[in-house]
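Since the structure comes first, as structure tokens, the remarks are kept for the end.
Scope of the values below: all heavy atoms of this structure, side chains included, with no hydrogens, waters or symmetry mates. Residue numbers start at 1 and run along the sequence shown.
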Amino acid sequence: MSADPHAAHGHDEIEMPHASMRDYVIGFVLSVILTAIPFWLVMTMPLSAGATGAVIMGFAVVQIVVHMVFFLHMTPKAEGGWSLTSLVFTIIIVGIMLAGSLWVMHHLNTNMMPMSHEAARQVP
């Protein structure tokens with residue numbers, strides 16, 4: 001009898017991607033750079049507040065991708081693509097929920113807030 005309990009059932013072993021020390025170092029260096037640049041932007045304020053916020057959000061998205069690729073090993077080949085597929089599905093669902101919640105709150109604010117005193121005087 002085989003030492004592997006899955007071998008008796010005919011399951012193919014799913015091979016996890018192996019990362020080398022080089023991959024971890026690249027991910028670490030990119031993470032440090034993607035953290036240092038927004039920190040520098042906030043400390044020196046070379047851009048307007050809105051532009052700084054937009055650039056920081058962009059760097060945050062790029063850093064999320066770096067962490068997923070270099071540290072979580074989420075590639076289209078990992079686990080037959082299912083981990084990446086589930087991530088995309090989760091992002092879509094969260095996006096729908098966030099957009100729907102903001103839409104409902106905006107319309108509730110628009111339609112339920114009391115009128116200002118100026119507008120109340122003009123209503124016959």
Tell me whether the rings of Phe71 and Tyr24 are parallel (<30°), tilted (30 to 60°) or perpendicular (>60°).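 Answer is parallel, since the angle falls under 30°.
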Joint hydrophobic cluster, [X] plus [Y], side-chain heavy atoms closer than 4.5 Å:
{"X": "Ile33", "Y": "Leu41", "answer": "yes"}
{"X": "Ile91", "Y": "Ile64", "answer": "yes"}
{"X": "Trp82", "Y": "Val88", "answer": "no"}
{"X": "Met112", "Y": "Val104", "answer": "yes"}
{"X": "Ile37", "Y": "Val42", "answer": "no"}

Supply the atom-to-atom distance [X] [atom1] to [Y] [atom2], rounded to the nearest 0.5 angstrom.
{"X": "Ile92", "Y": "Leu87", "atom1": "CD1", "atom2": "CG", "result": "10.0 Å"}
{"X": "Met97", "Y": "Leu102", "atom1": "CE", "atom2": "CG", "result": "11.5 Å"}
{"X": "Leu47", "Y": "Thr52", "atom1": "CG", "atom2": "OG1", "result": "4.5 Å"}
{"X": "Leu30", "Y": "Gln63", "atom1": "CG", "atom2": "CD", "result": "9.5 Å"}
{"X": "Met105", "Y": "Thr110", "atom1": "CE", "atom2": "OG1", "result": "12.0 Å"}
{"X": "Ile26", "Y": "Met21", "atom1": "CD1", "atom2": "CE", "result": "12.5 Å"}

Would Val61 and Met57 count as a side chain to side chain contact (heavy atoms under 4.5 Å, CB included) here? Give the steps. CA-CA 6 Å; Val61 170; Met57 292 297 287; 5.8 Å; no
For [X] and [Y], which heavy atoms make the closest approach, and how far apart are they?
{"X": "His73", "Y": "Phe70", "value": "CE1-O, 3.5 Å"}
{"X": "His67", "Y": "Ser31", "value": "NE2-OG, 3.3 Å"}
{"X": "Pro38", "Y": "Ile56", "value": "CB-CG1, 3.8 Å"}
{"X": "Ala78", "Y": "Ser83", "value": "O-OG, 3.8 Å"}

Would you say Met43 has more than 12 foreign heavy atoms packed within less than 6.0 Å of its CE?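 No, the 6.0 Å shell around CE holds no more than 12 heavy atoms from other groups.
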Kindly indicate, with the supporting measurements, whether the criterion side chain to side chain contact (heavy atoms under 4.5 Å, CB included) is fulfilled by Thr75 and Leu84. CA-CA 7 Å; Thr75 63; Leu84 193 61; over 6 Å; no
Qualifying residue, where the test is side-chain contact (heavy atoms from CB on, under 4.5 Å) with Val69 and the options are Leu72, Val66, Val65: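 Result: among Leu72, Val66, Val65, Val65 is the only option passing the side-chain contact (heavy atoms from CB on, under 4.5 Å) with Val69.
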